[in-house]
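All remarks here apply to the structure that follows.
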Amino acid sequence: MTVVTRFAPSPTGFLHIGGARTALYNWLFAKHHERHGTGGKFYLRIEDTDRARSTQEAVDAIYDGLQWLGLEWDGDAVSQFARADLHRAAAERLLAEGKAYKCYCSPEELTEMREKARAEGRKRMYDGTWRDRDPSDAPAGVDPVIRMKAPLEGETVIEDRVQGRVTVANEQLDDMVLLRADGTPTYMLAVVVDDHDMGVTHVIRGDDHLTNAFRQTQLYLALGWDAPVFAHIPLIHGPDGAKMSKRHGALGAEAYRDMGFLPEALRNYLLRLGWSHGDDEIISTDQAIDWFNLENIGKSAARFDMTKLTSLNGTYIREADNGYLADLVMNRLQAEQPGKLAKEARDRLFKGMNGLKERAKTISELSENAIFYALQRPIEKTEKAATQLEGDGADLLREIRSVLSSTDTWTDEALMATAREFAEAGGRKLGAVAQPIRAALTGNTVSPSVFEIMDVLGREETLGRIDDALTGP
RNA sequence: GUCCCCAUCGUCUAGCCCGGCCUAGGACACCUCCCUUUCACGGAGGAGACAGGGGUUCGAAUCCCCUUGGGGACGCCA
């Protein structure tokens, strides 16, 4: 049997980090079964039944986020709203079968019930007023909602693949609304009908839906359908230990991209946040597809740790392809420094990437560190760098310049050997010689190896930059 | 408030299901040292946890109960 999973976000905002992980787990589970089992599908369904809060921008943000993360879905995304007629038909069927009924309660009455229930320490809110009442009692001019006749006694059990067996007494659950007074389906109905119609076999979603699963289980039963396998994964908490929400530190996928995180690093981080494979930390997507399962999902909530994500990202950057990295940096720099880039910028970035990439944990940091390669002369200097080019520094640099201008072999190693020789002749340490060069070449006091930089820049540009430093203000 | 769930270093976690191999392992962060032209990277060390209390057992991080703490859900939102 083909495993079918789905990611079903409501388009009321960006694709936040929790949603991204849910999507990743669903995607991975489907891919795993596609590779090792009897097939797997991963669908995307936009839960846009709340017309007032759904926006096209949010839908696009979800598409973009998923695509950036590399989580391609099968087929076209399904619009839940577009399926409203099917949802309605299901409700009508239940009504006809006597498994649902019309309720004419006003919002005021419901509020009253809610308050009463709370005051009496009960969870069940709706008191079943219209459950067995004669429809002829219906007040004129009131559009009813359709409620499901939920079982009054006994209990509803979910065999959750993450949480284990979870049981609730049916007296805790009231008769949920299936169709609103305006005839539109509620989420609870729509989810069940859609998951059934789409052939979803495994519902992997956030823990906050666990209590919904009870009502959905009752609905599946009433509709005469088999319920899918449920796997409710613990939520991601913010650093403060509370559920991540939009006002609680949760950011959209594009925010992580802008901060300079690599999608593969974010994927690895998210995978490892709540799921484990022994002591493995660095897990490629390929391995993840091989290894992912529901059994190793943890049961407790995890806190989001930006520091660890950053560290992981650094690892991925160090292992990334230089051309890929150079392109990412070029894109940023072109946007940030329009018109100021040297025509050799891309080549230099590519050639100097080895020294650059082990010094950065994010693409933004990488870009900042790489900027001196990309910019045209003259290079602006930081205050500290300028200080190193005053007095003795300048004298030293002048001497170095003449030595460099007469050097035959312009390579990393040869240049270092030359510098070392020069330093020892003057009774100096190599560092004393390297620092002024660094300041002149990069305008900074921190950078990759100055000899590597000279190699990348070439003789002409190197001497030019030194001259700029010697003659400049 | 009611219902449901969770509980190992600061954080993510391994171990727990099938008690002994656990003087509890790894990763991030932190501290020290080494490498070193700066900063990083890398390497070697260090500090750091089974929430508490009862059981069961020869033996419990592992099984049971209670307490405490944390989280989630209680909509004609999704």
Side-chain angles (χ1 to χ4, degrees), chain A residues 8-12 47-50 52-54 80 103 105 107 110-111 114 117-126 143-147 158 160 162-164 166-169 171-174 176-182 184-188 190-191 206-212 214 232 234-235 237 239 241-243 269 272-282 295-296 298-312 314 318 355-361 369 388 416 419-420 423 429-435 437-439 442 444-451:
Chain A
S10 61
T12 54
E47 311 240 305
D48 50 0
T49 52
D50 184 346
R53 296 203 298 155
S54 301
Q80 188 160 64
C103 164
C105 285
L110 292 174
T111 306
R114 200 178 347 260
R118 199 169 177 115
E120 291 173 6
R122 286 180 292 112
K123 181 177 162 143
R124 173 187 269 174
M125 186 272 285
Y126 183 68
D143 288 327
V145 299
I146 306 245
R147 286 181 186 272
I158 297 170
D160 194 277
V162 172
Q163 307 293 338
V166 189
T167 306
V168 75
E171 58 182 15
Q172 295 294 330
L173 274 14
D174 61 12
M176 68 184 128
V177 173
L178 265 21
L179 244 40
R180 302 188 184 99
D182 65 2
T184 58
T186 59
Y187 159 79
M188 215 60 84
V191 169
D207 216 355
D208 49 343
H209 285 288
L210 184 60
T211 49
N212 289 334
F214 291 118
H232 288 92
L235 301 175
H237 287 179
K243 176 185 179 180
Y269 178 73
R272 210 39 203 72
L273 191 66
W275 177 85
S276 60
H277 185 266
D279 282 339
D280 294 312
E281 296 284 347
I282 311 295
E295 289 69 38
N296 290 324
K299 297 178 82 172
S300 53
R303 296 190 190 201
F304 187 80
D305 182 4
M306 189 67 92
T307 312
K308 186 152 184 174
L309 202 211
T310 305
S311 164
L312 234 198
R318 261 171 272 140
L356 250 19
K357 70 181 182 182
E358 66 183 24
R359 290 173 169 76
K361 288 184 163 39
N369 295 348
Q388 292 186 339
M416 175 148 94
R420 181 154 272 149
K429 288 203 279 187
L430 185 55
V433 175
Q435 253 345 77
I437 305 178
R438 187 185 321 279
T442 69
N444 214 322
T445 52
V446 172
S447 81
S449 155
V450 292
F451 309 108

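Treat the numbers as computed from the prediction; the structure is a model and nothing was measured. Each chain gets a letter, A, B and so on, in the order its sequence line appears, and its residues count up from 1.
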Which letter, B, S or -, goes with each nucleotide of nucleotides 36-45 of chain B from 5' to 3', with contact meaning a protein heavy atom under 4.0 Å? -BBBBSS---
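- Scored by the side-chain contact (heavy atoms from CB on, under 4.5 Å) test, A:N369 finds A:R359, A:A360, A:E365 as partners (sequence neighbours excluded).
- Between the side chain of A:Y269 and the main chain of A:M306, no donor-acceptor pair closer than 3.5 Å is present.
- The line from CG of A:L210 to CG of A:D160 is 6.0 Å long, rounded to the nearest 0.5 Å.
- Checked against salt bridge (Lys or Arg N to Asp or Glu O under 4.0 Å), A:D208 has the following partners two or more places apart in sequence or in another chain: A:K243.
- The side-chain contact (heavy atoms from CB on, under 4.5 Å) check on A:A181 picks up A:D143, A:V145, with sequence neighbours excluded.
- To the nearest 0.5 Å, the span separating OG1 on A:T445 from CZ on A:R438 amounts to 8.0 Å.
- Using a 4.0 Å heavy-atom cutoff across all strands shown, A:C103 reaches no nucleic acid atom at all.
- Taking the nucleotide of RNA chain B with the nearest heavy atom to each of A:S300 and A:R114, the more 5' of the two is matched to A:S300.
- Close to B:rG75, at under 4.0 Å from its OP1 or OP2, lies no side-chain N or O of A:T186.
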Polar pairs (N or O, both sides) under 3.5 Å between protein and nucleotides 14-18 of chain B?
residue, atom, partner, partner atom, Å
B:rA14, OP1, A:S276, OG, 2.7

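- Separating the NZ atom of A:K308 from the P atom of B:rC30 is a distance of 14 Å, rounded to the nearest angstrom.
- Remark: A:T184 pairs with A:R180, A:D182 by the side-chain hydrogen bond (donor to acceptor under 3.5 Å, both in side chains) rule, at least two apart or across chains.
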Can you give me the N/O atom pairs linking the protein to nucleotides 64-71 of chain B at distances under 3.5 Å, or say none if there are none?
residue, atom, partner, partner atom, Å
B:rG71, O2', A:H237, NE2, 3.2

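- A donor N or O paired with an acceptor N or O is not found under 3.5 Å between the base of B:rC6 and the side-chain atoms of A:K299.
- Applying the side-chain contact (heavy atoms from CB on, under 4.5 Å) test to A:R303 and every residue at least two apart in sequence or in another chain returns A:H237.
- Both A:D174 and A:N212 sit near RNA chain B, but only A:D174 has its closest nucleotide nearer the 5' end.
- If you take CD of A:E281 and C1' of B:rC12, they are 7 Å apart, rounded to a whole angstrom.
- Residues passing the salt bridge (Lys or Arg N to Asp or Glu O under 4.0 Å) test with A:E281 are A:R272, A:K308, sequence neighbours excluded.
- Under the Watson-Crick or G-U wobble criterion, with both distances below 3.5 Å, B:rA29 has no partner in any strand shown.
- When the nucleotides B:rA73, B:rA29, B:rA78 are ranked by their closest atom to the side chain of A:D208, B:rA73 comes out on top.
- Rounded to an integer number of Å, the gap from CZ of A:F304 to C1' of B:rA29 is 15 Å.
- With sequence neighbours excluded, no residue satisfies side-chain hydrogen bond (donor to acceptor under 3.5 Å, both in side chains) with A:Y126.
- Considering only residues two or more places apart in sequence or on other chains, A:D48 meets the salt bridge (Lys or Arg N to Asp or Glu O under 4.0 Å) condition with A:R51.
- Nucleotide B:rG69 has B:rC6 as its partner under the Watson-Crick or G-U criteria, with both atom distances under 3.5 Å.
- Across the strands present, B:rC74 finds its partner in B:rG1; the criterion is a Watson-Crick or G-U wobble pair with both atom distances under 3.5 angstrom.
- A:D174 is linked by a salt bridge (Lys or Arg N to Asp or Glu O under 4.0 Å) to A:R215, counting only residues two or more places apart in sequence or in another chain.
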